[in-house]
Amino acid sequence: MANTPYDLIVIGSGPGGYVCAIRAAQLGLKTALVEKDKTFGGTCLNVGCIPSKALLHASELYEQAGHTFAKMGIAVGAPKLDLAAMMTFKDEGVDGNVKGVAFLLKKNKVDTFQGVGRIAASGKVEVKGADGKAQMLDTKAIVIATGSDVARLPGISIDEKRVVSSTGALVLDKVPAKLLVIGAGVIGLELGSVWRRLGAEVLVVEFLDRILPGMDNEVCRQFQRLLEKQGITFKLSAKVAAVDTSGNRLKAKVEPASGGAAEVIEADVVLMAVGRVPYSNGLGLDEAGVKKDNRGRVVVDGHFATNVSGIYAIGDVIAGPMLAHKAEDEGVAVAEIIAGQAGHVNYDVIPNVVYTYPEIASVGKSEEELKSAGVSYNVGKFPFTANGRAKVNLQTEGFVKILAEAKTDRVLGVHIVGPDAGNMIAEAAVAMEFGAAAEDIARTCHAHPTLTEAVKEAALAVGKRSIHM
Ligand code: FAD
Ligand code: NAI
């Protein structure tokens, strides 16, 4: 079509959208990216993965300086917190990352538009800038990558000062004496850990009878014990029904999940971390006839295509785990599909990491999932107490667990609680992507002394032949 300036317009510049735009441009598609916010990178770079990891890193070092440096012969005295400087460190990290995305988009010759994108019709995207001026762009294909937003509880309003979402919890200007976290999911435990390390008393109220729903039970039980040892307290099978903000301190009404007498718990800050919901406000999906499911997620087929020809969707706005790397891989796959190639995402091998101390990392199936699917499996486990490097580093909490199919020895799931678990899980993901057996990992030479030897030993343990246990 002579009047079609773009092959592809991507709406939303999070890890799904910007990666999709870059891959499409690499493949020779004339590509534009529309972003409503001032900076690129979406939730992940601006108010998600990157700032939270900066605070997790800094607060972990603060904790180590106070607790473990002396044991290693480093005398620094009691560390002093300069919260404003820590926030600047975090903000500079975010700034460097979002500028990096802007640089990559320019380098790959992706045209960028700042404003709210709306699908005016198949092949037409309207971009409305902050000044209210709108322009219409023509395109052959559209990818919706508008991500997600904070889920809210009825009757509790977020002011981002005292009742905060993750966004407000990343910019508190003082350490709350008491932080009440609603939800023992990833955000609650990561940001709860940050503020506990910096001096807050932290109570986590969770609706279910366990933390981190969906992750392997054994891992979560041990992890909860470790967090409790660090000073975080949990109230499981409970819910926050209301938060009274009228006084100097917040008063949260906490009830048993199954109903019953409520108690009032005072706190200085309440963090609402009960999940995220797909975001498609103002996109014009209903007018364009794009189908959503009952949870507001855009419905796509195995090729990320919606029911409307030429409109695709990826990332948090569609079904699946709300993870940056899942969004990125979908961005690459959909760009390749639009360019006529065979893009694909293997949803069986998407790692999941909780960046607390110790870290939790998993890939593949949990024991509970294998049991309920009726799959026979063998378990190999190895504790970090028996790993030389962990011992010498005074980081012996946790273990590696490998689940392998009984008949074929094929690795079906790997679960790690331990220092640096997030980096170590990559080995398991590569092995599983190549259909490895536990025997393959067990026979692969692992450098000594490293924490990764625990992965090898867990693989040996599947065949009941660990050496160091
Ligand atoms: P998003 O990153 O949400 O990006 C969507 C973009 O679309 C936004 O920039 C938005 O402004 C823009 N947009 C929306 N509507 C329009 C419109 N109409 N026009 C123009 N632009 C629009 N995941 C991990 O894998 N690891 C982590 O460590 C991790 N940590 C997290 C920590 C926190 C506190 C939070 C909140 C999330 C975290 N996540 C993490 C999840 C991760 O951020 C998301 O899974 C990821 O950002 C999803 O990417 P996306 O591209 O689908 O959407
Ligand atoms: P989540 O889904 O991980 O956890 C929410 C928790 O809140 C659940 O345990 C749930 O049972 C509980 N809950 C729900 N309603 C409740 C109520 N009324 N009272 C008490 N508890 C209640 O959601 P979270 O932590 O908000 O994170 C959102 C998403 O962001 C996650 O899906 C995750 O994928 C992503 N994320 C990923 C990170 C990572 O990869 N390290 C870090 C942070 C977020």
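Whatever order the structure lists them in is the order used to number ligands and atoms, beginning at 1. Residues take their numbers from the sequence shown, with the count starting at 1.
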Residues Glu367, Lys401; criterion salt bridge (Lys or Arg N to Asp or Glu O under 4.0 Å); working and verdict: CA-CA 10 Å; Glu367 283 207 67; Lys401 175 161 94 171; 2.7 Å; yes
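Of the N or O atoms in Asp37, one or more lie within a sub-3.5 Å distance of an N or O in ligand 1. Considering backbone and side-chain atoms alike, Ala324 places an N or O below 3.5 Å from some N or O of ligand 1. Residue Leu212 has no N or O atom closer than 3.5 Å to an N or O atom of ligand 2. For ligand 1, the polar-atom distance check finds an N/O of Asp316 within less than 3.5 Å of one of the ligand's N/O atoms. Looking at ligand 2, you'll find an N or O of Gly275 within less than 3.5 Å of one of its N or O atoms. Inclusion of Val240 in the set of residues having an N or O under 3.5 Å from an N or O of ligand 2 is not warranted. Checked against a 3.5 angstrom limit, the closest N/O atoms of Asn352 and ligand 2 fall outside it. Taking any N or O of Tyr355, backbone or side chain, none lies under 3.5 Å from an N or O belonging to ligand 2. Looking at Ser166 next to ligand 1, no N or O pair under 3.5 Å apart turns up. For ligand 1, the polar-atom distance check finds no N/O of Tyr279 at less than 3.5 Å from any of the ligand's N/O atoms. Checked by distance only, ligand 2 and Leu323 stay at 3.5 Å or farther apart across all their nitrogen or oxygen atoms. Taking only nitrogen or oxygen atoms, main chain and side chain alike, Ile11 does not reach within less than 3.5 Å of ligand 1. Annotation: Gly41 places no N or O atom under 3.5 Å from an N or O atom of ligand 1; distance criterion only.
Between the side chain of His303 and the main chain of Ala342, no donor-acceptor pair closer than 3.5 Å is present. Here the side chain of Glu160 pairs a donor or acceptor atom with the backbone of Ser165 at under 3.5 angstrom. A donor-acceptor pair is defined here as one N or O able to donate and one able to accept, closer than 3.5 Å; such a pair exists between the side chain of Arg162 and the backbone of Thr245. A donor-acceptor distance shorter than 3.5 angstrom exists from the side chain of Glu206 to the backbone of Ala184, with no hydrogens or angles considered.
Ring pair Phe113/Tyr6 is perpendicular by interplanar angle, where above 60° counts as perpendicular and below 30° as parallel.
Taking only non-hydrogen atoms, the option from Ala273, Gly48, Ser148 nearest to atom 37 (C) of ligand 1 is Gly48. Of the candidates Gly14, Gly12, Cys49, Pro321, Gly14 brings a heavy atom nearest to atom 4 (O) of ligand 1. Of the candidates Val204, Val186, Val274, Ile211, the one placing a heavy atom closest to atom 38 (C) of ligand 2 is Val186. The heavy atom nearest to atom 12 (C) of ligand 2, out of those in Glu359, Glu190, Glu206, is found in Glu206. Nearest to atom 35 (C) of ligand 2 by heavy-atom distance, out of His325, Met322, Arg210, is Met322. Here atom 5 (C) of ligand 2 lies nearest to Ala273 when heavy atoms of Ala361, Gly192, Gly48, Ala273 are compared. Nearest to atom 25 (O) of ligand 2 by heavy-atom distance, out of Thr43, Ile187, Leu236, is Ile187. For the residues Leu33, Thr146, Ile50, the heavy atom positioned nearest atom 14 (C) of ligand 1 is part of Thr146.
Counting atoms of ligand 1 from 1 in the listed order, those under 4.0 Å from a heavy atom of Gly147 are 1 (P), 3 (O), 5 (C), 52 (O), 53 (O). Listed by number with element, the atoms of ligand 1 under 4.0 Å from a non-hydrogen atom of Gly115 are 19 (N), 20 (C). Taking every non-hydrogen atom of Gly315 and a distance limit under 4.0 Å, the qualifying atoms of ligand 1 come out as 52 (O). Set against the non-hydrogen atoms of Ile182, the atoms of ligand 2 under 4.0 Å away are 19 (N), 20 (C). Those atoms of ligand 2 that come under 4.0 Å of a heavy atom in Leu153, given as number and element, are 18 (N). Counting the atoms of ligand 2 from 1 in the order shown, those under 4.0 Å from a heavy atom of Gly183 are 6 (C), 7 (O), 12 (C), 21 (N). With ligand atoms numbered from 1 in the order given, ligand 1 contributes 2 (O), 43 (O), 47 (O) to contacts under 4.0 Å with heavy atoms of Cys44. The distance from ligand 1 to the heavy atoms of Ala145 drops below 4.0 Å at these ligand atoms: 5 (C), 6 (C), 7 (O). Every atom of ligand 1 with a heavy atom of Leu323 under 4.0 Å away is listed here by number and element: 23 (N), 25 (O), 45 (O). Here is the list of ligand 1 atoms found below 4.0 Å of a heavy atom in Val34: 20 (C), 21 (N). Below 4.0 Å from some heavy atom of Leu208 lie the following atoms of ligand 2, by number and element: 11 (O). For ligand 1, the atoms lying closer than 4.0 Å to a non-hydrogen atom of Gly117 are 17 (C), 18 (N), 19 (N), 20 (C). Within the listing of ligand 2, atoms 20 (C), 21 (N) sit less than 4.0 angstrom from a heavy atom of Val205. Applying the 4.0 Å criterion to heavy atoms of Pro213 picks out, from ligand 2, the atoms 8 (C), 9 (O). Numbered from 1 in the order shown, with element, the atoms of ligand 2 that lie under 4.0 Å from a heavy atom of Val353 read 39 (C), 40 (O), 41 (N).
More than 12 heavy-atom neighbours from other residues, nucleotides or ligands sit within 6.0 angstrom of NZ on Lys178. By the 6.0 Å contact criterion, NE2 on His57 is open, its count of non-hydrogen atoms from other residues, nucleotides or ligands being 12 or less.
When non-hydrogen atoms are compared, ligand 1 lies under 4.0 Å from the backbone of Thr43 as well as from its side chain. Looking at Tyr355 against ligand 1, only its side chain comes within 4.0 Å, counting heavy atoms. When heavy-atom distances to ligand 1 are checked against a 4.0 Å cut-off, Lys53 comes that close only through its side chain, counted from C-beta outward. Residue contacts with ligand 1, taken as heavy atom pairs separated by less than 4.0 Å, involve Ser52 solely via side-chain atoms from C-beta onward. Only backbone heavy atoms of Val47 (N, CA, C or O) come within less than 4.0 Å of ligand 1; its side chain stays farther off. Counting heavy atoms closer than 4.0 Å to ligand 1, residue Arg118 contributes nothing at all.
Given atom 20 (C) of ligand 1, the protein heavy atom at minimum distance is Lys36 N, 3.3 Å.
Between atom NZ of residue Lys235 and atom CD1 of residue Ile182 there is a gap of 14.0 Å, rounded to the nearest 0.5 Å.
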